[in-house]
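A short write-up of the structure that comes next.
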Amino acid sequence: MSMRIWSTCLFFIFFITVTAQEQVYELRTYELEFFGPENNLHHYFENALIPALNRQGIVNVGVFEESSESLPKKIYLLIPYDDVLTFQASKDALTADTKYLQDANAYLNATEELIPFKRIYTNLIRSSAGFPKLVKPMNQEKLFELRIYESHNENALRRKVKMFDESEFGIFEDVGLPMVFFGSNIAGTQMPCLTYLLAFKDKAAHNQAWSMFGNHPEWQRIIKLEEYANAMNDITRVFLKPLRYSQL
């Protein structure tokens with residue numbers, strides 16, 4: 001095979017691999033300053049960033065705050081992209097969007113004292129074969145549960161994702177644990193880990209579903225399998241509520 005033909009084959013293999021990728025989620029956490037001008041950030045999200053993302057075809061952008069009163073206060077921004085190339089292209093598209101630049105002018109050119117956050121944490125999450133696309137809640141759920149499962153190494157994480165792909169998603173559906181998105185983190189904090197988001201009508205629905213999960217026969221079966229032993233070693237759980245302008 002000639003070098004030219006071989007290079008062409010490699011290109012098509014790469015193209016097919018990339019275009020076959022599932023969704024990529026950008027989860028930003030804005031840690032707010034005490035008594036900072038929080039409305040400046042909300043105005044930027046609602047009137048500049050989210051409309052600009054929608055013009056790019058990026059929809060179902062979620063914005064949340066924690067249900068608790070813990071400090072420092074945090075705002076969570078969830079942006080779902082069709083794939084990693086869309087994620088990359090989105091940044092350039094914003095800088096070329098004159099309406100976005102106009103609408104975001106007050107935020108982009110704000111002085112330090114007008115910026116309400118102290119820092120931003122960003123996690124990039126790739127969906128799995130078992131749950132490839134974000135599912136928008138149907139009934140205006142008001143309670144969301146963000147869960148991060150950490151593993152001791154990459155192979156343990158692979159086994160935990162497989163556990164979800166092959167069994168846990170079905171269990172979740174059976175007991176009423178409605179998944180919004182799921183994926184393994186490819187960049188960010190707490191790695192190696194996976195992240196997912198659930199949506200509930202209220203805390204009672206949450207408690208009932210999780211109580212049924214532990215007794216589900218399929219769960220009782222798979223937790224005894226050697227393949228999945230020690231696949232996870234820590235859980236972070238955060239309860240969230242959507243902000244008024246959130247698209248989830």
Side-chain angles (χ1 to χ4, degrees), residues 15 18-19 21-66 72-127 132-138 140-142 144 146 180-183 185-189 195-197 199 238 240-248:
F15 177 78
V18 169
T19 54
Q21 287 181 352
E22 307 300 349
Q23 284 189 318
V24 170
Y25 310 109
E26 183 182 6
L27 180 62
R28 300 184 202 167
T29 305
Y30 291 75
E31 184 178 303
L32 302 187
E33 293 275 18
F34 293 109
F35 309 113
E38 184 179 329
N39 285 339
N40 292 348
L41 185 61
H42 295 306
H43 185 273
Y44 166 65
F45 286 159
E46 181 178 11
N47 298 294
L49 179 60
I50 294 177
L53 292 172
N54 291 166
R55 288 193 295 275
Q56 295 178 22
I58 299 169
V59 297
N60 296 327
V61 179
V63 191
F64 311 88
E65 62 183 8
E66 295 183 7
K73 185 174 180 179
K74 298 181 179 68
I75 301 296
Y76 296 78
L77 177 70
L78 174 65
I79 308 174
Y81 302 95
D82 286 341
D83 50 42
V84 71
L85 296 182
T86 306
F87 162 74
Q88 294 173 323
S90 176
K91 311 304 178 185
D92 294 333
L94 287 178
T95 62
D97 185 337
T98 55
K99 180 165 178 52
Y100 164 77
L101 296 175
Q102 178 182 351
D103 295 340
N105 179 67
Y107 170 83
L108 295 176
N109 296 290
T111 56
E112 184 176 355
E113 61 271 16
L114 294 178
I115 295 297
F117 57 85
K118 185 176 182 180
R119 59 179 61 91
I120 305 171
Y121 303 99
T122 299
N123 290 288
L124 203 59
I125 304 156
R126 182 179 176 179
S127 68
K133 304 294 182 184
L134 179 146
V135 175
K136 183 177 182 178
M138 298 294 292
Q140 299 298 312
E141 281 80 353
K142 299 301 182 185
F144 289 76
L146 179 69
V180 178
F181 81 85
F182 174 94
N185 291 39
I186 54 178
T189 61
T195 303
Y196 66 92
L197 185 68
V238 183
L240 304 173
K241 55 185 178 182
L243 297 181
R244 173 186 53 79
Y245 56 88
S246 174
Q247 297 181 334
L248 291 177

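All values reported here derive from a predicted model rather than from experimental measurement.
Leu27 is listed as a side-chain neighbour of Leu146, based on a closest heavy-atom distance under 4.5 Å. Phe45 is not listed as a side-chain neighbour of Val61, based on a closest heavy-atom distance of 4.5 Å or more. For the pair Pro137 and Val180, the minimum side-chain heavy-atom distance is below 4.5 Å. In this structure, Asn40 and Ile115 have side chains that are not in contact, with every pair of non-hydrogen atoms separated by 4.5 Å or more. Leu78 has its side chain within reach of Phe181: a pair of non-hydrogen atoms, C-beta onward, lies under 4.5 Å apart. Between Lys241 and Lys142 there is no side-chain heavy-atom pair separated by less than 4.5 Å. In this structure, the side chains of Lys136 and Val59 stay at 4.5 Å or more apart for every pair of heavy atoms.
Formation of a donor-acceptor pair under 3.5 Å by the Ser246 side chain with backbone atoms of Leu243 is not found in this model. Judged by distance alone, the side chain of Ser127 and the main-chain N or O of Gln23 form a donor-acceptor pair under 3.5 Å. The backbone N or O of His43 lies less than 3.5 Å from a partner atom in the side chain of Asn47, making a donor-acceptor pair.
Contact detail for Val24 and Asp83: the closest heavy-atom pair is CG2-C, 3.9 Å. Residues Leu114 and Ala110 approach most closely at CB-CB, 4.0 Å, considering heavy atoms. Between Pro242 and Glu141, the shortest heavy-atom contact is CG-O, 4.0 Å. The two residues Glu22 and Pro132 have their closest heavy-atom pair at OE1-CB, 3.3 Å.
Counted by atom type alone, Asp92 and Thr95 present zero donor-acceptor pairs between their side chains at under 3.5 Å. There is a side-chain donor-acceptor pair under 3.5 Å between Gln56 and Ser90. A donor atom on one side chain and an acceptor atom on the other are found under 3.5 Å apart for His42 and Tyr245.
Distance check, rounded to the nearest 0.5 Å: CD1 of Ile120 to CD of Glu31 gives 11.0 Å. Here the OG1-CZ distance, from Thr195 to Arg126, works out to 15.0 Å after rounding to the nearest 0.5 Å. Considering CG of Asn109 and CG of Leu101, their distance stands at 9.5 Å, rounded to 0.5 Å. For the atom pair Leu53 CG and Leu94 CG, the distance stands at 6.0 Å (nearest 0.5 Å). With rounding to the nearest 0.5 Å, the separation of CG in Leu108 from OH in Tyr100 is 4.5 Å. With rounding to the nearest 0.5 angstrom, the CG atom of Leu32 is 9.0 Å from the NZ atom of Lys74.
The aromatic rings of Tyr107 and Phe117 are tilted relative to each other, their planes meeting at an angle between 30° and 60°.
Residue pairs meeting the salt bridge (Lys or Arg N to Asp or Glu O under 4.0 Å) criterion with at least one member in residues 98-107, sequence neighbours excluded, are Lys99-Asp103.
More than 12 heavy atoms of other residues, nucleotides or ligands lie within 6.0 Å of CD in Glu113, so this atom counts as buried by the packing criterion.
Salt bridge annotation for Lys73-Glu66: absent, with no cationic side-chain nitrogen under 4.0 angstrom from a carboxylate oxygen.
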Query raised in the report: Checking ring-ring contact (aromatic ring centres under 6.0 Å, His included) for the pair Tyr76/Phe144: CA distance, chi angles, key distance, verdict?
Result: CA-CA 12 Å; Tyr76 296 78; Phe144 289 76; over 10 Å; no

